[in-house]
Amino acid sequence: MATRTWAPPTGGPYDLQRTLGVLARGPGDPAYRVDAAGAVWRASRTPQGPGTLRLTDDGRVRAEAWGPGADWLLDRLPTLLGATDDPAGFTPRHRLVHEAHRRHPGLRLVRTGLVLESLIPSILEQKVTSDEAYRAWRLLLTRHGEPAPGPAPAGMRVMPDPAGWARVPSWEWHRAHVDAKRSATIVRAARVAARLEEAATMDDARAAARLQAVPGIGPWTAAETLQRANGSPDAVTTGDLHLPGVVGYALTGFRGADDAAMLDLLAPYAGHRHRACRLILLSGVIPPRRGPRFTVPDFSRI
C-alpha cells in the first residue's frame, strides 16, 4: 500500500463524494464504491497496470492505493480531485444556478487522465436508458475484467485492457444487451486506444476531433468523455434525449427545449457550460413526466 494526502489549495469547502460521483456508472458499478464509512473506492486501469484507490476526507483527502498502478494514481491525485479546475471565472446568471452554486461550494470537476475508462461506458450509454447501460457495464466488467488489487470491497473489478475489450466475443455483448453498433464502436476504439489516450493532453477541440475520428463516436460521446478524462468545464453534452429539456425547464420554466435552445441559454456561461449543467442537474429541478416510461428492449432475445 502507498499513501498520499491532499488539501484543496483554496482552503475552502471540498465535497469528495459529489466531485467524484460523476465517475460512478450506476449504483452497482464494479469499478466504483462508497463504503459504509463514506470512503470512496475506485478501480482503474492505468498506463502502469491496474490499481485501486481508497479516498477519505476529514478536511484533507487521504488516499491509499494498491496494485501496479498505485504510484500512477497517487502522482495524479490532485488532478483527479480537481486541483486544476478553476471555477473563479464562473458567474451564475440565473437564480437557480446561483442557488445551486451556493449550496454546493465544494464541487470540483474531476480529471482522470484516462480516456478509454470514460469512453467505453459512454459508448454503452448511446441511445439506451441509463439502467440498460449500467447493467451492460456491470456485466462486462464482472465477466471480463479482473479483481481490483488490494483489500477492495467484494466484487470490485478493473476493466479489461484494450486487447481484452477487442477479444469479447459476440455472444457476450449479446448477453449484456449491447447491440452490434455499440459493440463494434468499442472494438474499434480499443484497437486505436493508444491514439485515443493522447486526447487527455489536448485542448477540447483537438481532443473531440481525435475521438470522433473513430466511426460511431459523435459529439455526445466525445463530450461525456472529455468531461471526465480532461476535466473540461465547457464540454456541454449535445444530442442528449433529456438534457435540453431539463436545462430549458430549469432556467425558463418551459418544456421542449432542443439543443439550439439549450446552447442559447448556456451562452452566458461560455467556458463553463458543463459546470453550469452540473449545477442545474444538482438543483433537482426537472420537468414533470407526461408519458409512460420507455420500454427497454431485450437484445438477448433477438
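Hydrogens, waters and symmetry mates are skipped; everything else that's a heavy atom, side chains included, is used.
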Residues in side chain to side chain contact (heavy atoms under 4.5 Å, CB included) contact with Ala163, at least two apart in sequence or another chain:
Asp161, Arg167
Decide, yes or no, whether a salt bridge links Arg228 with Glu117 under the criterion of side-chain N to carboxylate O below 4.0 Å.
no
What residues, two or more places apart in sequence or in another chain, satisfy side chain to side chain contact (heavy atoms under 4.5 Å, CB included) together with Thr91?
Arg93
List, by chain and then residue number, the residues other than Leu265 in its hydrophobic cluster (Ile/Leu/Val/Met/Phe/Trp/Tyr, side-chain heavy atoms under 4.5 Å); write none if there are no others.
Phe90, Leu96, Val97, Leu107, Val236, Leu243, Val246, Val247, Tyr249, Leu251, Met262, Leu263, Leu266, Tyr269, Leu279, Ile280, Leu281, Leu282, Val285, Ile286
Please determine if Glu132 and Arg182 form a salt bridge, counting it only when a charged side-chain N lies under 4.0 Å from a carboxylate O.
no
Side-chain (Gln227) to main-chain (Ala235) donor-acceptor, under 3.5 angstrom:
yes
Results of salt bridge (charged side-chain N to carboxylate O under 4.0 Å, His left out) for Arg95 - residues two or more places apart only:
none
In Å and rounded to the nearest 0.5 Å, what is the CE to CD distance from Met1 to Glu64?
4.5 Å
Under the salt bridge (charged side-chain N to carboxylate O under 4.0 Å, His left out) test, which residues partner Arg111, sequence neighbours left out?
none
For the pair Asp258 (side chain) and Ala260 (backbone), establish whether a donor and an acceptor sit closer than 3.5 Å, ignoring hydrogens and angles.
yes
Can you list, by chain and residue number, the hydrophobic cluster partners of Leu109 when the side-chain cut-off is 4.5 Å?
none
Any donor and acceptor pair, going by atom type alone, linking the side chain of Arg108 with main-chain N or O of Tyr14 inside 3.5 Å?
no
Can you tell me if Ser118 and Glu224 form a side-chain donor-acceptor pair at under 3.5 Å?
no
Identify all side-chain donor-acceptor contacts of residues 191-202 below 3.5 Å with residues at least two apart in sequence or on another chain.
from, atom 1, to, atom 2, distance (Å)
Arg195, NH1, Glu198, OE1, 3.2
Glu197, OE1, Val115, N, 2.8
Glu197, OE2, Leu116, N, 3.0
Glu198, OE1, Arg210, NH1, 2.8
Thr201, OG1, Glu198, O, 2.9

Show me the pairs that pass side-chain hydrogen bond (donor to acceptor under 3.5 Å, both in side chains) and involve residues 72-90, at least two apart or across chains.
Asp85-Arg275
Could you pull out all residues at least two apart from Arg143 that satisfy side chain to side chain contact (heavy atoms under 4.5 Å, CB included)?
Glu172, Arg175
Using links of under 4.5 Å between side-chain heavy atoms of ILVMFWY residues, direct or through other members, which residues join Trp220 in one cluster?
none
Residue pairs passing the ring pair (Phe, Tyr, Trp, His ring centres under 6.0 Å) test where at least one lies in residues 116-156, sequence neighbours excluded:
none
Tell me whether Asn230 contacts the main-chain N or O of Leu226 through its side chain, where contact means a donor paired with an acceptor under 3.5 Å.
no
Ignoring hydrogens and angles, tell me if any N or O in the side chain of Arg138 forms a donor-acceptor pair with the backbone of Gly28 under 3.5 Å.
no
For Pro78, give me all partners under side chain to side chain contact (heavy atoms under 4.5 Å, CB included), at least two apart in sequence or on another chain.
Arg4, Trp6, Ala83
Any donor-acceptor N or O pair under 3.5 Å, side chains Gln126, Thr221:
yes
